[in-house]
Protein chains: 2
Amino acid sequence: MAKVNAARPDSARNRVKILDAARTALAVSGDATMQSIARAAKVGQGTLYRHFPTREALVLEVHRRDVSALVDAAPELLERLPPEQALRAWFDQLAEYGHVKHGLLDVIYASMHKQLDDEGTGPVLDAIQLILGAGQAAGSLRAGLSAEDILLLVGFLWRLDIRDDWPVQSARLLDVIMEGLTVERPEPPPKPRR
Amino acid sequence: MAKVNAARPDSARNRVKILDAARTALAVSGDATMQSIARAAKVGQGTLYRHFPTREALVLEVHRRDVSALVDAAPELLERLPPEQALRAWFDQLAEYGHVKHGLLDVIYASMHKQLDDEGTGPVLDAIQLILGAGQAAGSLRAGLSAEDILLLVGFLWRLDIRDDWPVQSARLLDVIMEGLTVERPEPPPKPRR
DNA sequence: ACCTGAACACCGTTCAAGT
DNA sequence: ACCTGAACACCGTTCAAGT
């Protein structure tokens with residue numbers, strides 16, 4: 001007998017096939033069916049469900065892989081920008097993502113609500129908290145707000161998908177929110193008058 | 001001759017029965033099935049579909065009746081409050097409504113997107129525009145924003161349903177948005193001297 | 001152990017048959 | 001004309017049978 005415990009020869013490969021197929025299918029249309037995903041991944045439906053017990057679990061996992069880029073961006077932005085500018089830059093990246101991904105972030109947000117007792121916070125909330133905390137400590141971002149508050153405020157980003165001027169509208173609305181989030185400084189900037 | 005064209009003896013009554021049953025069922029759970037609604041209304045499924053050709057149409061109509069209260073509130077508030085305060089008061093009413101109705105306003109918003117070419121604006125957008133325009137004309141609300149922008153900004157209201165401190169959180173977030181929406185007056189408005 | 005795909009339960013919607 | 005409810009198409013999920 002050669003292998004003692006070869007638990008998953010193709011199981012691991014199937015998992016990847018499923019995730020790749022799901023990612024492609026969901027990008028085309030958010031309501032791709034489980035059966036079509038199984039077919040595209042060339043696995044049986046039971047296999048799909050062995051790896052992801054429910055549709056939501058699959059969608060969530062497809063997403064979590066992409067979201068990590070967003071999460072990683074937070075500390076990088078904080079390194080080279082003051083907090084309030086880092087927050088705005090992070091919002092812009094989120095807007096790009098939200099535009100492409102439509103309602104998928106809603107799924108993530110909905111599931112976060114249910115896991116509040118589990119881990120407390122997800123990585124996205126951590127990323128926001130990182131920038132927010134820095135800004136609050138520096139006095140440039142409004143105190144008394146939580147990372148979850150911020151996520152709620154920018155939730156409109158994944159709802160303006162159909163329009164062609166979304167970058168303009170998105171920037172306009174983010175301006176409003178940034179003005180609400182930033183703390184006015186005692187006015188040091190010398191503004192050139194004309 | 002008595003009746004020339006008695007088109008609907010019970011048809012009208014069925015419509016009301018359906019809407020009442022749907023309102024009750026949807027309040028309990030947003031994904032009440034069409035079949036359960038037909039059963040609760042004591043009509044056949046075909047009758048339900050004769051009155052409302054699709055699930056979305058039914059949900060929308062159930063809602064439109066409730067939303068009108070919100071729409072009617074706009075001019076009333078404007079009558080007795082300055083625009084920026086009227087807007088905030090209207091937001092508060094919207095928050096109450098959004099809290100009770102969960103994702104239903106999302107349906108309305110989604111369908112508005114599709115009707116942009118039909119009538120241009122729905123009554124909710126009209127109500128917002130009323131207050132917004134007054135404030136912009138008076139210089140107390142930020143220019144360059146549309147009623148649709150405002151609706152996007154407050155969209156978080158129908159997403160904070162599960163928590164027990166929602167009035168606190170809702171007020172906190174509305175504060176942020178209001179600060180972004182209002183225009184700072186650098187100098188007191190034209191005070192009639194002399 | 002893991003995979004397969006027919007089958008189950010259920011939902012939105014349709015339509016032939018009633019009145 | 002309008003109503004009824006069985007029936008259709010389809011989807012998420014399960015499970016007996018394979019390897």
Atom pair distance, as rounded to whole Å: [atom1] in [X] and [atom2] in [N]:
{"X": "A:R13", "N": "C:dC2", "atom1": "CZ", "atom2": "P", "value": "14 Å"}
{"X": "A:I37", "N": "C:dT4", "atom1": "CD1", "atom2": "C1'", "value": "18 Å"}
{"X": "B:R15", "N": "D:dC3", "atom1": "CZ", "atom2": "P", "value": "12 Å"}
{"X": "A:R50", "N": "D:dA17", "atom1": "CZ", "atom2": "P", "value": "17 Å"}
{"X": "A:K42", "N": "C:dG5", "atom1": "NZ", "atom2": "C1'", "value": "17 Å"}
{"X": "A:R39", "N": "C:dT4", "atom1": "CZ", "atom2": "P", "value": "14 Å"}

> Hey, does B:H51 have a side-chain heavy atom less than 4.5 Å from the side chain of B:S11?
Replying inline: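 The answer is yes, as the side chains (C-beta and beyond) meet within the 4.5 Å cut-off.
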> Any side-chain heavy-atom pair from A:F52 and A:T47 closer than 4.5 angstrom?
Replying inline: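 No, too far: nothing below the 4.5 Å cut-off.
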> Which atom pair, heavy atoms only, marks the closest approach of A:I177 to A:L153?
Replying inline: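 Closest approach of A:I177 to A:L153, heavy atoms only: CD1-O, 3.2 Å.
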With [X] via salt bridge (Lys or Arg N to Asp or Glu O under 4.0 Å) - residues at least two apart:
{"X": "B:D72", "value": "none"}
{"X": "A:D20", "value": "A:R65"}
{"X": "B:E61", "value": "B:R64"}

> Given pairs defined as Watson-Crick or G-U wobble with both distances under 3.5 Å, what dot-bracket annotation applies to DNA chain D, with ( ) intrastrand, [ ] crossing, | other strand and . unpaired?
Replying inline: ||.|||||...|||||.||
> At under 4.0 Å, does any side-chain N or O of A:N14 touch on OP1 or OP2 of C:dC2?
Replying inline: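 For C:dC2, OP1/OP2 do not have a side-chain N/O of A:N14 under 4.0 Å.
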> Quick one: CG on A:L173 to CG on B:L145, what's the gap to the nearest 0.5 Å?
Replying inline: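 Reported to 0.5 Å precision, the distance equals 7.0 Å.
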> Do any pairs count as a salt bridge (Lys or Arg N to Asp or Glu O under 4.0 Å) and have a residue in residues 131-145 of chain B, sequence neighbours left out, and if so which ones?
Replying inline: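 Every pair satisfying salt bridge (Lys or Arg N to Asp or Glu O under 4.0 Å) with a residue in residues 131-145 of chain B: A:E179-B:R142.
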Any protein N or O atoms within reach of nucleotides 11-13 of chain C? Criterion: under 3.5 Å, listing atom names and distances.
from, atom 1, to, atom 2, distance (Å)
C:dG12, OP1, B:R55, NE, 3.0
C:dG12, OP2, B:M34, N, 2.8
C:dG12, N7, B:Q35, NE2, 2.7
C:dG12, O6, B:Q35, NE2, 3.4
C:dT13, OP1, B:T54, OG1, 3.0
C:dT13, OP2, B:Y49, OH, 3.0
C:dT13, OP2, B:R55, N, 2.9
C:dT13, O4, B:Q45, NE2, 2.8

